[in-house]
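What follows is a single structure, written as structure tokens, with notes after it.
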Amino acid sequence: MIFRSFRFVIVSIAILCSAPLFLFAQEENSVVAIVNGIQLKKADLNQEYWKLLPQNRNYHGNVSDEKTEKLRAEALQKLVLTELQYQDALAKGMKLGESELTAEIEKLSRNYKEKEGFEAAIAGSGFDLKSFARFVERTVLAERISIAEIDNQAVVPDAMVKSYYEQNGSHYSKPREYRASHILIKFDPAANDEERARARSRAEAILKKVRDGGIFADIAAQESDDLTRIKGGDMGYFHAGQTESEFDAALAKMKVGEISDLVETIYGYHIIQLVEKKLPRQLPFEEVSKKIKNELLNNEKKRLSDLWLSNLKNKAVISYPGKK
């Protein structure tokens with residue numbers, strides 16, 4: 001979703017208001033967009049821009065000019081959309097009572113020990129108290145109207161979830177699954193023939209120990225060059241296709257309990273013990289219904305959001321002073 005929670009906005013405001021004042025010149029009052037006759041100032045744009053940056057002070061001075069330009073263009077579009085949502089909220093009778101607005105502003109002021117410090121930070125960000133109050137009100141009502149128009153309207157009946165599963169059941173399956181242990185005898189991919197032969201000779205000797213009745217886990221712990229040696233070579237469970245192709249092909253031919261011949265991959269020579277094999281299976285509806293419902297719900301919210309915002313933009317008169 002394109003909408004951010006007001007809690008996140010509060011964090012970004014607190015960071016922005018505590019930033020060095022040299023970041024905000026007198027042109028903060030310059031108009032960056034006019035939306036249905038309402039002027040949006042550079043101070044508003046800065047708020048949206050800072051929300052797009054990682055909340056790390058050291059990051060803010062290390063943004064390239066190209067990245068800055070891209071982020072500011074994105075921030076401008078977000079600012080315009082938020083204003084359109086806010087205006088739609090007002091047109092539909094939504095409002096923020098004086099006590100609610102005061103409470104929201106007080107949440108922000110808690111980042112400062114004194115009222116004067118908070119007011120100085122607001123001024124340093126390019127706002128006066130009136131424009132800052134409008135910024136807060138716009139943020140709150142834009143979120144409320146988005147909940148009303150999108151979240152509260154998005155409905156996915158259980159019958160739709162069931163139907164989707166029946167039509168797309170093949171998307172909800174588990175591939176073949178293995179549990180295996182291995183012993184790895186490493187060699188460098190760039191190794192010469194002599195080095196490879198030496199590694200193979202060692203691997204064959206280890207394989208003989210295993211075939212002669214040695215305990216696989218003990219031999220792995222003593223001989224393997226892989227970190228799995230601390231678990232007796234146990235690799236745990238993994239899906240078909242998650243290992244190197246040669247390793248995967250060997251597993252596909254093995255029976256549970258079987259020990260492989262030497263299997264060569266880019267990592268070296270492997271000796272594999274197949275512990276368990278689970279066949280591919282279709283996941284039952286009960287196991288995936290919640291996931292499917294969430295996917296369909298998110299799709300419906302996006303559809304409603306796109307439709308709503310598109311209608312708002314199509315009916316709006318928007319201009320960008322200073323832009324060619």
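Quick note: residue numbers are just sequence positions, from 1.
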Working to the nearest 0.5 Å, report the span between CG of D88 and CG of N36.
-> 10.5 Å
Are the aromatic rings of F187 and Y269 close, with centres under 6.0 Å apart?
-> yes
Could you go step by step and tell me if R211 and D261 meet the salt bridge (Lys or Arg N to Asp or Glu O under 4.0 Å) rule?
-> CA-CA 10 Å; R211 295 219 188 277; D261 292 326; 2.9 Å; yes
Find the distance between CD1 (I271) and CD1 (I259) and round it off to the nearest 0.5 Å.
-> 8.5 Å
Decide salt bridge (Lys or Arg N to Asp or Glu O under 4.0 Å) for D158 and K162; before the verdict, give the C-alpha distance in whole Å, the side-chain angles of both, and the deciding distance to 0.1 Å.
-> CA-CA 6 Å; D158 290 341; K162 182 69 172 177; over 6 Å; no
Can a donor-acceptor pair be found between the side chains of S131 and D128 at a distance below 3.5 Å?
-> yes
Could you walk me through whether E66 and K70 pass the salt bridge (Lys or Arg N to Asp or Glu O under 4.0 Å) test, one step at a time?
-> CA-CA 6 Å; E66 182 180 359; K70 183 178 178 181; over 6 Å; no
Would you kindly check if the NZ (Lys) or CZ (Arg) of K278 is within the cone defined by 45 degrees around the ring axis of Y237 and under 6.0 Å from the six-membered ring centre?
-> yes
Would you sort out whether E100 and R144 count as a salt bridge (Lys or Arg N to Asp or Glu O under 4.0 Å), showing the intermediate values?
-> CA-CA 13 Å; E100 287 182 288; R144 288 186 185 178; 3.0 Å; yes
For K107 against N111, the heavy-atom pair lying closest together = O-ND2, 4.0 Å
Can you measure from CD (E83) to CD1 (I38) and round to the nearest 0.5 angstrom?
-> 6.0 Å
V155 to E300 - nearest heavy-atom pair and separation | N-CG, 4.3 Å
Distance in Å, N168 CG paired with S163 OG, rounded so as to fall on 0.5 Å steps = 8.5 Å
Residue pair S224 / D226, side-chain donor-acceptor N/O under 3.5 Å = no
In this structure, CG of L108 is separated from CD of E104 (nearest 0.5 Å) by 7.5 Å
Please name the pair of heavy atoms, one in I185 and one in A199, separated by the smallest distance, quoted to 0.1 Å.
-> CG2-O, 3.6 Å
